[in-house]
Amino acid sequence: MKTSLQAAMAAINLYSEYFLGLIVSMTIARHLSTEDYGIYSSIIWLAGLMTLAINAGVSLNVTKFIAEFKHKNSDALPAVIAYFWRIQYSRLLIVALIVFTILFFDLADSNIEKWLLILLFFSVAIKADYMFRVSIFKGIKRFDIIAKTSLIANPFNIVAVLLCAFISPKVESFIIVYCSACIVYGMSTRFFNKHLPLQKYNNEHVAEHKQRIMFQVISATIIVLLGALIFRQSQVFVLEENNFLSEAGFFNIAFLLSTAAITLVPGIYQEILLPKITEAVQDGNVKSQVAQAERYLLTLSLFVVVPVVIYADVIIELLFGSRYLPAVFPLQMMMIFKTIITLNQGANLTLISNDKQVSMAKVHVALFIFACAISFFIVPQWGLDGSVAIFGLLVVIMLFSYKNLAARVGYQMISFMIASRLVSAAALSAIPAIIINQYLNGILSAVIGSIVFALSYINLLFIFKGFDQSVLYILKKIVPTTPKPIKAYLSWGIKCLS
């Protein structure tokens with residue numbers, strides 16, 4: 001029940017953040033030309049890069065170490081939190097010095113006014129503070145507070161974008177709105193300062209952990225920063241450098257939609273997974289937690305991936321308009337690649353929880369070098385299709401690299417037998433949806449086909465024994481209290497799984 005409540009609170013945060021963010025992107029894309037939207041995307045790319053430079057590796061380890069110390073050594077927790085605040089402020093100062101040096105000496109060409117870049121940096125710094133505080137709340141499992149901050153900031157974001165689209169639909173205006181939203185995000189967490197754990201620096205409590213913490217922060221910084229550059233930022237950068245501005249916008253739309261779709265269901269469970277696995281490592285129960293997590297994530301991912309792949313053209317045209325239909329194929333491919341990334345979370349979190357970030361960092365350095373070399377060779381020749389192919393190749397390489405690394409600390413990927421059951425159930429359930437798509441068009445086809453797919457998928461999961469024993473346990477608990485028709489159906493499901 002506790003996990004379900006945490007998942008519900010995480011759902012509020014994820015749904016409001018990603019889906020309101022989707023509405024924001026959709027609104028901006030519809031009010032700008034494809035080239036202007038590509039320019040806007042490149043500026044947001046710059047903002048994302050600055051945010052990553054401040055928070056990369058810090059936020060992840062804040063959640064991990066707070067969960068760990070809260071579980072095993074609560075007396076040292078205030079000192080650990082205070083130490084992380086010092087790291088955060090140091091990172092902010094370093095990034096500020098780099099940014100203002102670049103601006104002062106004109107070391108980078110930009111068509112953006114300097115005052116707007118300075119405003120962008122200050123806004124990003126405030127957003128980075130928001131992300132840091134959210135990471136603390138995740139570590140102490142206060143997902144209810146995270147949900148409340150989203151309910152404060154996200155409505156402002158969407159209203160501001162809609163007003164801007166109506167009054168002044170220009171690239172510069174939308175950037176100012178983005179900066180305003182960052183500031184509101186930063187302020188929203190400060191309403192809940194009293195719920196933050198006590199921070200009080202104590203060198204005695206921190207001294208024995210300093211080296212380990214810094215080691216993990218530096219390694220995670222490399223992982224997160226290079227991970228973003230490898231899987232999105234480098235592709236956008238190379239497209240823009242070769243004057244594929246519209247294509248950069250299409251790539252961003254495909255990336256955004258695939259991320260939102262994967263967040264729809266499996267993202268909720270994924271959001272609460274790191275603190276759960278960190279505690280499981282402390283209790284020596286990590287194998288069962290990871291095995292269950294991977295099964296859930298693959299089951300839920302397939303639930304969303306298949307309809308999005310089938311109806312990608314309907315989704316793109318409905319949300320962004322026919323001008324953005326070239327993003328259909330990238331969206332279909334990215335949905336498959338995002339499923340692989342989701343499946344990789346078991347190995348990823350096992351490595352993090354076992355302090356293996358250094359090995360992960362080495363993988364990312366090698367991937368980054370490979371990504372740069374292959375991107376500058378393929379993207380100028382093949383454009384958007386080349387970027388999507390590189391994205392997929394890098395995802396597959398990372399999957400097997402992490403799998404081999406995590407196997408050294410006892411990790412086992414979901415078995416082929418279980419995975420094949422889930423994939424088979426999804427593939428067979430897709431057949432009636434594809435047939436419906438041949439006879440119906442547009443949104444009607446997507447709605448009816450998705451419902452038919454969902455019903456078929458759930459039933460085939462029972463028949464193929466795709467659900468695990470925890471689902472069987474829950475069904476046995478609730479079946480006596482359900483109405484007669486539902487009781488008959490659940491009893492059939494229990495019989496299939498038994």
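For the single chain, residues carry numbers from 1 onward in sequence order.
Side-chain contact check for S445 and N441: no donor-acceptor pair (N or O, by modelled atom type) lies under 3.5 Å. For the residue pair D129 / Y185, no side-chain donor-acceptor distance below 3.5 Å is found, with atom types taken as modelled. Checked by atom type, the side-chain pair S173/S168 shows a donor-acceptor distance below 3.5 Å.
Between A371 and L394, the closest heavy-atom pair is CB-CD1, 3.7 Å. Closest non-hydrogen pair, R323 versus A29, comes out as NH2-O, 3.0 Å. In terms of heavy-atom proximity, L384 sits nearest to E247 at CD1-O, 3.6 Å. Of all non-hydrogen atoms in C182 and I126, the two that sit nearest each other are O-CG2, 3.7 Å. Residues S258 and K338 share a closest heavy-atom pair of OG-CE, 3.5 Å. Scanning all heavy atoms of the two residues, the minimum distance from A125 to I54 falls at CA-CD1, 4.2 Å.
With rounding to the nearest 0.5 angstrom, the OH atom of Y296 is 9.5 Å from the CZ atom of F467. From L475, atom CG reaches atom NZ of K487 across 13.5 Å, with rounding to the nearest 0.5 Å. Separation of atoms CD1 (I486) and NZ (K484) is listed at 13.5 Å; rounding is to 0.5 Å. Rounded to the nearest 0.5 angstrom, L297 CG and L302 CG are separated by 11.0 Å.
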Yes or no on side-chain contact (heavy atoms from CB on, under 4.5 Å) for V184 and N157, after CA distance, side-chain angles and deciding distance?
CA-CA 8 Å; V184 174; N157 193 9; over 6 Å; no
Just do the side-chain contact (heavy atoms from CB on, under 4.5 Å) check on V379 and I374 with the steps written out, would you?
CA-CA 8 Å; V379 173; I374 197 170; over 6 Å; no
Assess whether side-chain contact (heavy atoms from CB on, under 4.5 Å) is satisfied between F192 and I152, documenting all intermediate values.
CA-CA 12 Å; F192 305 99; I152 293 169; 4.1 Å; yes
One pair to check against side-chain contact (heavy atoms from CB on, under 4.5 Å): F251 and M334. What are the steps and the verdict?
CA-CA 10 Å; F251 187 93; M334 280 196 190; 3.3 Å; yes
Test side chain to side chain donor-acceptor pair (under 3.5 Å) applied to Y130 and N55, step by step:
CA-CA 10 Å; Y130 159 80; N55 279 93; over 6 Å; no
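Within the 3.5 Å criterion, the main-chain N or O of G186 finds a donor-acceptor partner in the side chain of T189. Not a single donor-acceptor pair under 3.5 Å links the side chain of S456 to the backbone N or O of F453. Of the possible donor and acceptor atoms, none in the side chain of Y40 sits under 3.5 Å from a partner among the backbone N and O of L32. A donor-acceptor pair under 3.5 Å is absent between the side-chain atoms of S375 and the main chain of C372, judged by distance alone. Within the 3.5 Å criterion, the main-chain N or O of S135 finds a donor-acceptor partner in the side chain of T63. When atom types are taken as modelled, the side chain of R421 and the backbone of L461 share no donor-acceptor pair closer than 3.5 angstrom. Of the possible polar contacts, none joining the K403 side chain to the M413 backbone as a donor-acceptor pair under 3.5 Å is found. Proximity of a side-chain donor or acceptor of N404 to a complementary backbone N or O of F400 within less than 3.5 Å is detected.
Contacts classified as ring pair (Phe, Tyr, Trp, His ring centres under 6.0 Å) and involving residues 157-181 (residues at least two apart or in different chains) are not found.
Residue Y489 qualifies as enclosed at atom OH: its count of foreign heavy atoms under 6.0 Å is above 12. The local environment of CZ in F329 is sparse, with at most 12 non-hydrogen atoms from other residues, nucleotides or ligands closer than 6.0 Å. Within a 6.0 Å sphere centred on CH2 of W382, other residues, nucleotides and ligands contribute 12 heavy atoms or fewer. Other residues, nucleotides and ligands place no more than 12 heavy atoms under 6.0 Å from the NZ atom of K170.
Using a 4.5 Å heavy-atom threshold, the side chains of V395 and N344 count as separate. Between L460 and I463, the closest side-chain pair of non-hydrogen atoms falls below 4.5 Å. Contact of the Y37 side chain with the S25 side chain is registered, since non-hydrogen atoms from C-beta on lie closer than 4.5 Å. Under the 4.5 Å side-chain criterion, counting only non-hydrogen atoms from C-beta, L257 is in contact with L319. Looking only at side-chain heavy atoms (C-beta outward), F370 and I397 come within less than 4.5 Å of each other. For the pair L331/V309, no side-chain contact is recorded, criterion being any heavy-atom separation below 4.5 Å from C-beta on. Here the side chains of V306 and Y457 are not in contact, with every heavy-atom distance at 4.5 Å or above. Looking at heavy atoms from C-beta onward, L422 lies out of side-chain contact with F464 at the 4.5 angstrom threshold.
Residues passing the salt bridge (charged side-chain N to carboxylate O under 4.0 Å, His left out) test with D313: none are found, sequence neighbours excluded. The ring pair (Phe, Tyr, Trp, His ring centres under 6.0 Å) search around Y311 returns none, not counting sequence neighbours.
V308 pairs with exactly one of I315, I336, V314 by the side chain to side chain contact (heavy atoms under 4.5 Å, CB included) rule, that one being I315.
For K148 and F137, the positive end is not near the middle of the six-membered ring at less than 6.0 Å and at most 45° from its axis.
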